[in-house]
Student: 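Mind having a look at this structure? Questions to follow.
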2 protein chains.
Amino acid sequence: MGERYLRSIRLLAECMQSFEKSSAQNVRQLGFTHSQFDIIATLGNTPGMTCKDLGDKTLITKGTLTGVLDRLEQKGLIERERGCDDRRQLFVKLSAEGDAVFKEIFPQVVSKGKQRFDDYTDADYDSLERELLKLRERLLRVVD
Amino acid sequence: MGERYLRSIRLLAECMQSFEKSSAQNVRQLGFTHSQFDIIATLGNTPGMTCKDLGDKTLITKGTLTGVLDRLEQKGLIERERGCDDRRQLFVKLSAEGDAVFKEIFPQVVSKGKQRFDDYTDADYDSLERELLKLRERLLRVVD
DNA sequence: TATTGTTATACTCTATAACTATA
DNA sequence: TATAGTTATAGAGTATAACAATA
């Protein structure tokens with residue numbers, strides 16, 4: 001045993017964890033939970049999307065999503081409107097205030113993260129992205 | 001703008017998310033929450049560790065950790081014993097039953113994951129690990 | 001019948017702060 | 001004073017299932 005892929009996954013998890021550790025602090029200080037920030041970041045720079053798409057992207061299940069969206073709506077950061085073509089769907093998008101928040105806090109979280117890459121060259125990014133794309137292709141394949 | 005590192009981080013997140021999506025289902029079916037599995041996986045194949053170390057590794061804060069450990073102890077999967085050298089510390093380790101569970105469920109989650117890497121060669125792993133190690137080094141650097 | 005989203009429930013996680021005991 | 005872990009609290013996320021409206 002001692003599956004080699006486990007080492008890669010563990011490395012992957014450690015990278016992600018380490019990045020999230022600092023960004024989570026950041027997000028918290030700004031008064032958002034991880035899920036809330038996830039929604040705002042996902043909606044940012046988009047015309048909006050249905051709850052279904054939002055749930056698929058963020059891995060938040062529909063029952064939970066309703067609650068998270070409720071809190072964001074209460075804060076006035078998002079808007080929900082019934083779809084035209086399919087009246088079962090809700091179209092969710094950032095409100096003007098939500099967009100302002102996105103434009104303010106997202107760069108903050110981003111610039112904090114950027115410090116860690118200060119010595120990465122284009123070639124470094126190239127090779128990293130190449131490997132991650134290869135990996136993602138495998139991971140996205142449906143197995144079951 | 002359009003920070004290049006964001007693309008890498010997004011790729012990283014997508015890989016992690018995709019892996020967790022399937023493993024989370026798995027873990028749930030086996031009757032554990034993500035945090036609980038995280039603890040079991042972290043304690044597996046170790047002689048145990050202090051709450052502090054466990055918290056650092058899993059990113060679970062100490063207040064929360066107590067609750068998670070309580071539930072695992074209730075299920076008889078872990079044991080806590082007061083440290084000898086420093087009597088403030090608690091030493092946490094898998095019980096015999098916990099170890100059995102670890103040895104049973106971990107490979108299940110693992111083998112599910114392995115299917116996705118079936119065409120990875122040693123060279124593929126080499127290059128992936130090289131990039132992830134380089135990345136991890138940057139991410140672990142203390143910035144603030 | 002199937003799908004989109006809400007509601008309801010029970011449990012778990014989470015941050016935070018005050019606390020106990022050791023150091 | 002500082003550190004390791006617990007307790008207490010309020011809020012949020014979670015899975016799950018039943019439900020309404022629409023397709």
Side-chain angles (χ1 to χ4, degrees), chain A residues 17 20-43 48-75 77-93, chain B residues 17 20-43 48-75 77-93:
Chain A
Q17 227 180 21
E20 286 201 331
K21 187 171 187 171
S22 68
S23 84
Q25 277 183 337
N26 231 302
V27 166
R28 259 283 149 200
Q29 283 173 349
L30 294 164
F32 296 100
T33 66
H34 179 275
S35 295
Q36 287 169 2
F37 182 75
D38 206 1
I39 297 287
I40 293 175
T42 303
L43 288 176
M49 62 189 75
T50 64
C51 288
K52 172 115 185 60
D53 289 344
L54 202 48
D56 287 344
K57 292 219 178 202
T58 57
L59 296 191
I60 298 176
T61 53
K62 59 180 183 177
T64 306
L65 190 59
T66 300
V68 179
L69 292 179
D70 283 347
R71 279 161 225 124
L72 286 172
E73 196 173 33
Q74 241 174 350
K75 293 186 183 185
L77 300 180
I78 63 157
E79 290 165 358
R80 295 192 255 208
E81 39 188 71
R82 200 46 77 178
C84 299
D85 32 326
D86 187 335
R87 293 190 46 73
R88 289 173 303 184
Q89 297 182 334
L90 271 185
F91 204 72
V92 185
K93 61 178 188 181
Chain B
Q17 230 181 16
E20 287 201 332
K21 187 171 187 170
S22 68
S23 84
Q25 278 182 335
N26 232 301
V27 165
R28 259 286 148 198
Q29 283 172 350
L30 293 165
F32 296 101
T33 65
H34 180 277
S35 295
Q36 287 169 1
F37 181 76
D38 206 2
I39 298 287
I40 294 176
T42 304
L43 288 177
M49 63 189 74
T50 63
C51 287
K52 173 118 181 60
D53 288 344
L54 202 47
D56 287 344
K57 291 219 178 202
T58 58
L59 297 192
I60 299 176
T61 52
K62 60 180 181 177
T64 305
L65 189 59
T66 300
V68 179
L69 292 180
D70 283 347
R71 279 161 227 125
L72 286 173
E73 196 173 33
Q74 242 174 349
K75 293 186 184 184
L77 301 179
I78 62 157
E79 290 166 357
R80 295 192 254 207
E81 39 190 71
R82 199 48 79 179
C84 299
D85 31 326
D86 187 334
R87 293 191 43 74
R88 288 173 304 185
Q89 297 182 335
L90 271 186
F91 204 71
V92 184
K93 62 178 186 183

Student: When every nucleotide of nucleotides 17-23 of chain D is labelled 5' to 3' by its protein contacts under 4.0 Å (heavy atoms), B for base, S for sugar-phosphate only, - for none, what sequence of letters results?
Tutor: ----BBS
Student: Could you give the distance from SG (C51(A)) to CZ (R88(A)), rounded to the nearest 0.5 Å?
Tutor: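 Reported to 0.5 Å precision, the distance equals 13.0 Å.
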Student: Would you say L69(A) and L54(A) make side-chain contact, with heavy atoms under 4.5 Å?
Tutor: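 A side-chain contact under 4.5 Å exists here.
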Student: Could you check how far CG of D56(B) sits from P of dT3(D), rounded to whole Å?
Tutor: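 Distance check: D56(B) CG to dT3(D) P gives 13 Å.
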Student: Give the rounded distance in Å between these two atoms: CD of Q74(A) and C1' of dA12(D).
Tutor: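 From Q74(A) CD to dA12(D) C1': 12 Å.
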Student: Please give me the minimum heavy-atom distance between Q89(B) and R82(B), naming the atom from each residue.
Tutor: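 For Q89(B) versus R82(B), the nearest heavy atoms are O-CD, 3.5 Å.
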Student: How long is the line joining CD of E81(B) and P of dT6(D), in whole Å?
Tutor: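 Distance check: E81(B) CD to dT6(D) P gives 14 Å.
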Student: With respect to the side chain of T66(B), which nucleotide from dT4(C), dT6(D), dT6(C) is positioned closest?
Tutor: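 So the nucleotide nearest the side chain must be dT6(D).
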Student: With a non-hydrogen cut-off below 4.0 angstrom, is R80(A) in contact with a base, only sugar-phosphate, or nothing?
Tutor: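 Counting heavy atoms under 4.0 Å across all strands, the contact made by R80(A) is with sugar-phosphate only.
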Student: Can you sort out the partners of Q17(B) under side-chain contact (heavy atoms from CB on, under 4.5 Å), two or more places apart, ordered by chain and number?
Tutor: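 Expected list: L59(A).
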Student: Measure from CD on Q89(A) to P on dT6(C) and round the result to the nearest Å.
Tutor: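 Going from CD in Q89(A) over to P in dT6(C) covers 12 Å.
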Student: Out of curiosity, E81(B) CD to L90(B) CG, how far, rounded to the nearest 0.5 Å?
Tutor: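 One finds 9.5 Å between CD of E81(B) and CG of L90(B).
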Student: Starting at the 5' end of DNA chain C, what dot-bracket string do you get if Watson-Crick and G-U pairs under 3.5 Å are bracketed, crossing pairs use [ ], other-strand pairs use | and unpaired bases use dots?
Tutor: |||||||||||||||||||||||
Student: Quick one: K52(B) NZ to dT22(C) P, roughly how many Å, whole number?
Tutor: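 Atom-to-atom, K52(B) to dT22(C), this comes out as 20 Å.
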Student: Per the salt bridge (charged side-chain N to carboxylate O under 4.0 Å, His left out) rule, what does the pair list look like for residues 53-66 of chain B, sequence neighbours excluded?
Tutor: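 Listed once each, the pairs are K52(B)-D56(B).
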Student: To the side chain of L90(A), which of dT6(C), dA15(D), dG5(D) is closest?
Tutor: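 The nucleotide sitting nearest to the side chain is dT6(C).
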Student: I60(B) or L69(A): which one's nearest nucleotide on DNA chain C is closer to the 5' end?
Tutor: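 That would be L69(A).
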Student: What are the residues of residues 32-39 of chain B, sorted by number, that bring a heavy atom to within less than 4.0 Å of DNA chain C?
Tutor: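 The stretch gives T33(B), S35(B), Q36(B) as the residues lying under 4.0 Å from the strand, ordered by number.
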Student: Considering residues at least two apart in sequence or located in another chain, which fulfil the side chain to side chain donor-acceptor pair (under 3.5 Å) criterion with T66(A)?
Tutor: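 So T66(A) forms no side chain to side chain donor-acceptor pair (under 3.5 Å) with any residue.
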Student: Tabulate below the donor-acceptor pairs under 3.5 Å that side-chain atoms of residues 35-42 of chain A make, not counting sequence neighbours, or state none.
Tutor:
unit_1	atom_1	unit_2	atom_2	d
Q36(A)	OE1	T33(A)	N	3.3
Q36(A)	OE1	K75(A)	NZ	3.4
T42(A)	OG1	D38(A)	O	2.6

Student: Quick one: L72(A) CG to dA12(D) P, roughly how many Å, whole number?
Tutor: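 For the pair L72(A) CG and dA12(D) P, the rounded distance is 10 Å.
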Student: Find which nucleotide of DNA chain D each of R28(A) and R28(B) is nearest to by heavy atoms, and output the residue with the more 5' nucleotide.
Tutor: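 Comparing both residues, the 5'-ward one is R28(A).
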Student: Who are the side chain to side chain donor-acceptor pair (under 3.5 Å) partners of R80(B), not counting sequence neighbours?
Tutor: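 R80(B) satisfies side chain to side chain donor-acceptor pair (under 3.5 Å) with D70(B), E73(B) only.
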Student: Please pick, from dG5(C), dA15(D), dA4(D), the nucleotide with the shortest atom-to-atom distance to any side-chain atom of T64(A).
Tutor: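 Of the options given, the side chain of T64(A) lies nearest dA15(D).
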Student: What's the CG-C1' distance between D70(A) and dG11(D), to the nearest Å?
Tutor: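 That distance rounds to 14 Å.
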Student: Return the NZ to CG distance between K93(A) and L43(A), rounded to the nearest 0.5 Å.
Tutor: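 If we round to the nearest 0.5 Å, K93(A):NZ and L43(A):CG are 11.0 Å apart.
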Student: Just to verify, what does T64(A) make a side chain to side chain donor-acceptor pair (under 3.5 Å) with, not counting sequence neighbours?
Tutor: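 Here the qualifying residues are T61(A).
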Student: Can you tell me if T61(B) touches the phosphate of dA15(C), counting only side-chain N or O atoms and a distance under 4.0 Å to OP1 or OP2?
Tutor: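 For dA15(C), OP1 or OP2 has a side-chain N or O of T61(B) closer than 4.0 Å.
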Student: Please tell me if the side chains of E79(B) and V92(B) come closer than 4.5 Å, counting only heavy atoms from C-beta onward.
Tutor: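 Counting from C-beta outward, E79(B) and V92(B) never come under 4.5 Å.
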